[in-house]
Amino acid sequence: MSFDSQKKIINKNNPIDYIEEYVINDDIEIYRFSRDEITISSKGIWRNYKISFKWDEDRKIIEANSYFDMSKKNKINKSIYSLISNVNKKARVGFFNFCPKLNTIFYSYKISVKGQNYITLEQVQDFIDLVTSECDRFFPVFFVFFYKKQDPIYALEIAVLDTCGEA
């Protein structure tokens, strides 16, 4: 791997290689599953998030996913879909979804790098920061819903407060 004077990562491999190289320097847990997939651990406010990056060579898209390991074995009712719909209206980038098979919430964000011959270190850091900040922002909503068994609207209202003014 080589860098030019503007800290751009020159495209000789796929972007997953660059993400791996970037996080190795930060002592972050890394799990490399294949040439096109890596999972890292990112420290958030509420917890450490496992973020999986997958490279789609044909479409030139990097997909970032993070699963919330907060599901209980009890049955989740259909109101989870209403909650996710309302959360997605407030999400800045990406989207949340519910996986009934795993009984858990996941966050997904896709990054197109079509037409670019490189990605920068700043872009790699932004990918990680964006996923971590969105997960941190909405983790309390899903926590209140799953563990406090609140209705979706109430969970969203008490967990995501928009503050105004100064303290």
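When reading the values below, keep in mind they use all heavy atoms of this one structure, side chains included, and skip hydrogens, waters and symmetry mates.
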Note to self: If you apply the rule side-chain contact (heavy atoms from CB on, under 4.5 Å), what do you find for Ile128 with Val23, and how did you get there?
What the structure shows: CA-CA 10 Å; Ile128 295 168; Val23 297; 3.8 Å; yes
Next item on the list: May I have the step-by-step check of side-chain contact (heavy atoms from CB on, under 4.5 Å) for Arg47 and Phe139, ending in yes or no?
Entry: CA-CA 9 Å; Arg47 61 179 34 209; Phe139 177 85; 3.2 Å; yes
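For the atom pair CG of Asp56 and OG of Ser112, the computed distance is 10.0 Å after rounding to the nearest 0.5 Å. Put simply, OG on Ser85 and CD1 on Ile80 are 11.5 Å apart, with the number rounded to the nearest 0.5 Å. We find the CD-CG distance between Glu122 and Asp129 to be 11.5 Å, quoted to the nearest 0.5 Å. Rounding to the nearest 0.5 Å gives a distance of 11.0 Å between CD1 of Ile40 and CG of Asn48. The CD1 atom of Ile19 lies 5.0 Å from the CD1 atom of Ile62; values are rounded to the nearest 0.5 Å.
Hydrophobic clustering keeps Phe106 apart from Tyr31 (ILVMFWY residues linked when any side-chain heavy atoms are closer than 4.5 Å, directly or through intermediates). Connection of Phe33 to Ile30 is not established within any shared hydrophobic cluster, with ILVMFWY side chains joined at heavy-atom distances below 4.5 Å, either directly or through further cluster members. At a threshold of 4.5 Å between side-chain heavy atoms, the hydrophobic network of Ile, Leu, Val, Met, Phe, Trp and Tyr places Phe53 and Val93 in one connected group.
Evaluation of the side chain to side chain donor-acceptor pair (under 3.5 Å) rule for Asp36 yields Asn14 as partners, not counting sequence neighbours. The salt bridge (Lys or Arg N to Asp or Glu O under 4.0 Å) check on Glu37 picks up nothing, with sequence neighbours excluded. Under the rule for a salt bridge (Lys or Arg N to Asp or Glu O under 4.0 Å), the partners of Arg32 that lie at least two apart in sequence or sit in another chain are Asp17, Glu20. In this structure Thr132 satisfies the side chain to side chain donor-acceptor pair (under 3.5 Å) test together with Ser42, sequence neighbours excluded. For Asp136, the side chain to side chain donor-acceptor pair (under 3.5 Å) partners at least two apart in sequence or on another chain are Tyr49.
Listed for the Lys90 side chain is no donor-acceptor partner under 3.5 Å among the backbone atoms of Val87. For Ser66 (side chain) and Lys50 (main-chain N/O), a donor-acceptor pair under 3.5 Å exists by modelled atom type.
Exactly one of Phe96, Tyr67, Tyr107, Trp46 qualifies for a ring pair (Phe, Tyr, Trp, His ring centres under 6.0 Å) with Phe142. That residue is Phe96.
Taking Ile, Leu, Val, Met, Phe, Trp and Tyr as members and joining any whose side-chain heavy atoms lie under 4.5 Å apart, directly or through other members, Ile61 forms no hydrophobic cluster with any other residue.
Residues Asn97 and Ile84 come closest through the heavy atom pair C-CD1, 3.6 Å.
Applying the 6.0 Å contact sphere to NZ of Lys54 captures no more than 12 heavy atoms from other residues, nucleotides or ligands.
Using a 4.5 Å heavy-atom cutoff, the side chains of Leu83 and Ser79 are not in contact. Taking the side chain as every heavy atom from C-beta outward, Val113 and Trp55 approach each other to under 4.5 Å. Phe138 is not listed as a side-chain neighbour of Ile105, based on a closest heavy-atom distance of 4.5 Å or more.
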